Amino acid sequence: MTTSHTNVGDAQVPAKLAITELAEMKRQGTRIAMVTAYDAAGARLAEAAGMDIVLVGDSAAMVVLGHESTVPVTMDEMLFMTRSVARAVRHSLVVGDMPFGSYQVSDEEAVRNAIRFVKEGGADTVKLEGAGRMLPRVRAIVESGIPVMGHIGLTPQSVTALGGYKAQGRTAAKAQRLVADALALQEAGCYSLVLEAVPTPVAARITESLTIPTIGIGAGPHCDGQVLVYHDLLGLTEGHTARFVKRYADLATIIREALAAFVADVRSGAYPEERHTYGMAADEQAAFEAAVGETPAP
Ligand code: KIV
């Protein structure tokens with residue numbers, strides 16, 4: 001894989017990852033790393049870590065906004081977060097996740113909202129969930145010039161219809177349906193496909209049947225890439241997490257301890273110390289105190 005560079009200020013930053021490089025990575029067997037991010041700080045860290053793709057996921061509804069599902073997050077909220085991520089990232093591909101209701105109604109509305117992700121949000125591409133009735137949406141968005149990442153298997157926007165957050169394609173018939181959906185999404189123009197909570201053999205078969213890369217989350221080791229939710233990966237999600245989550249850090253504990261230490265320092269007066277404060281010239285202080293006629297500050 002060849003990577004060109006652009007100058008940003010004095011720094012040489014690898015140029016934006018091209019969609020075509022992802023297919024090349026699949027051909028060469030180089031696995032693709034993707035993570036979600038919802039703000040500039042997270043996106044900057046993800047890019048510095050070497051992430052190929054940063055997804056502004058609608059999982060934001062749950063991990064950032066505190067909703068019970070991904071359904072309530074709005075276009076405006078997604079655009080707000082996408083802008084913050086896009087501002088921080090130079091090389092990684094920024095994918096805007098189309099929220100529930102932003103593409104289901106018609107091709108026109110899907111295209112209009114995909115364009116908003118690119119024009120207002122600064123996203124490079126968009127992602128949407130489903131196949132079947134969503135295939136014309138994918139075609140319409142791709143024809144408007146915006147690359148689309150598909151998403152099948154467990155599609156959280158349809159969690160009620162799916163009967164909960166559970167693995168999909170676990171019977172022969174349902175697994176065959178997933179293979180057919182994957183091929184149809186490739187045919188419709190998707191440049192890659194997220195496979196969520198799908199049995200390993202099914203994800204493996206889909207991956208070898210497609211020329212576009214698959215990115216797995218709970219879909220086993222044979223996908224062309226892997227994605228995790230930022231908060232899950234870093235241990236910011238407390239309580240139950242899905243079987244496929246691997247925690248690479250326990251930031252919740254680190255953050256809770258740091259915040260508790262701050263509270264304790266505030267209560268005891270240990271913070272701020274002299275080095276955290278600003279002084280003023282003695283003559284200015286004297287003039288100030290004379291003017292206000294107050295007791296001098298300690
Ligand atoms: O919204 C999200 O975080 C996602 C990933 C789980 C792929 O869609």
Side-chain angles (χ1 to χ4, degrees), residues 1 17-36 46 50-59 92-98 124-132 134-135 137-139 141-142 146-158 162 165-172 174-229 232-233 242-246:
M1 196 177 55
L17 184 74
I19 299 284
T20 47
E21 280 187 60
L22 294 174
E24 186 54 29
M25 287 170 82
K26 175 179 178 114
R27 274 191 294 277
Q28 294 190 356
T30 307
R31 292 209 171 85
I32 298 162
M34 169 162 128
V35 73
T36 63
M51 217 58 74
D52 301 301
I53 307 177
V54 176
L55 168 69
V56 188
D58 65 351
S59 48
S92 312
L93 209 63
V94 175
V95 181
D97 205 2
M98 299 191 72
D124 301 306
T125 86
V126 296
K127 173 170 92 58
L128 57 81
E129 294 183 6
M134 294 306 130
L135 294 171
R137 308 287 187 269
V138 172
R139 278 189 214 101
I141 297 170
V142 171
I146 299 172
V148 177
M149 176 181 277
H151 182 161
I152 56 172
L154 172 55
T155 45
Q157 292 177 9
S158 321
L162 295 176
Y165 292 95
K166 45 189 177 195
Q168 301 296 308
R170 298 186 89 175
T171 64
K174 287 181 177 162
Q176 276 178 277
R177 177 79 257 154
L178 281 180
V179 176
D181 286 347
L183 286 166
L185 284 164
Q186 173 174 271
E187 183 62 31
C190 282
Y191 72 90
S192 73
L193 192 55
V194 168
L195 302 178
E196 180 164 354
V198 170
T200 299
V202 181
R205 174 52 72 99
I206 292 173
T207 300
E208 70 189 32
S209 307
L210 299 182
T211 54
I212 59 171
T214 57
I215 317 256
I217 174 161
H222 307 298
C223 295
D224 300 302
Q226 299 290 332
V227 56
L228 280 176
V229 168
D232 292 344
L233 185 162
R243 174 189 178 85
F244 52 74
V245 169
K246 179 171 176 184

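Computed from a predicted model, the values in this text were never measured in an experiment. Positions are given from 1, in the same order as the sequence printed here.
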Taking all heavy atoms of [X] and all of [Y], pick out the closest pair and write down the distance.
| X | Y | answer |
| --- | --- | --- |
| Leu228 | Phe244 | CD2-O, 4.0 Å |
| Ala197 | Leu154 | CB-CB, 3.8 Å |
| Asp124 | Pro147 | O-CD, 3.7 Å |
| Gln226 | Gly216 | OE1-O, 3.2 Å |
| Val229 | Ser59 | CG2-OG, 4.1 Å |
| Arg170 | Pro199 | CG-CG, 3.8 Å |

Is any side-chain heavy atom of [X] less than 4.5 Å from a side-chain heavy atom of [Y]?
| X | Y | result |
| --- | --- | --- |
| His151 | Pro156 | yes |
| Ile53 | Ile215 | yes |
| Val194 | Met149 | yes |
| Thr36 | Leu55 | yes |
| Val227 | Val35 | no |
| Leu193 | Gln186 | no |

Treating [X] as the side-chain partner and [Y] as the backbone partner, does any N or O pair qualify as donor plus acceptor under 3.5 Å?
| X | Y | value |
| --- | --- | --- |
| Thr155 | Gly130 | no |
| Gln176 | Gly169 | no |
| Lys26 | Ile212 | yes |
| Gln157 | Glu129 | no |
| Asp52 | Ala33 | yes |

Quick check for you: to the nearest 0.5 Å, what is the distance between [X] atom [atom1] and [Y] atom [atom2]?
| X | Y | atom1 | atom2 | answer |
| --- | --- | --- | --- | --- |
| Leu128 | Met134 | CG | CE | 8.0 Å |
| Leu22 | Arg27 | CG | CZ | 10.5 Å |
| Leu183 | Cys190 | CG | SG | 12.0 Å |
| Ser192 | Lys127 | OG | NZ | 10.0 Å |
| Glu21 | Gln28 | CD | CD | 9.5 Å |
| Ile19 | Leu93 | CD1 | CG | 4.5 Å |

Completion exercise
Which of Val202, Thr214, Thr200, Ile206 passes side chain to side chain contact (heavy atoms under 4.5 Å, CB included) with His222? Answer is Thr200
Practice task
Starting from the C-alpha separation in whole Å, work towards a yes-or-no answer on side-chain contact (heavy atoms from CB on, under 4.5 Å) for Asp97 and Val56.
Solution key: CA-CA 6 Å; Asp97 205 2; Val56 188; 5.8 Å; no
Problem - Heavy-atom neighbours of Arg139 CZ exceed 12 at 6.0 Å - result: yes
Practice task
Take Arg177 and Asp181 through the side-chain contact (heavy atoms from CB on, under 4.5 Å) test and state the conclusion after the steps.
Solution key: CA-CA 6 Å; Arg177 177 79 257 154; Asp181 286 347; 3.1 Å; yes
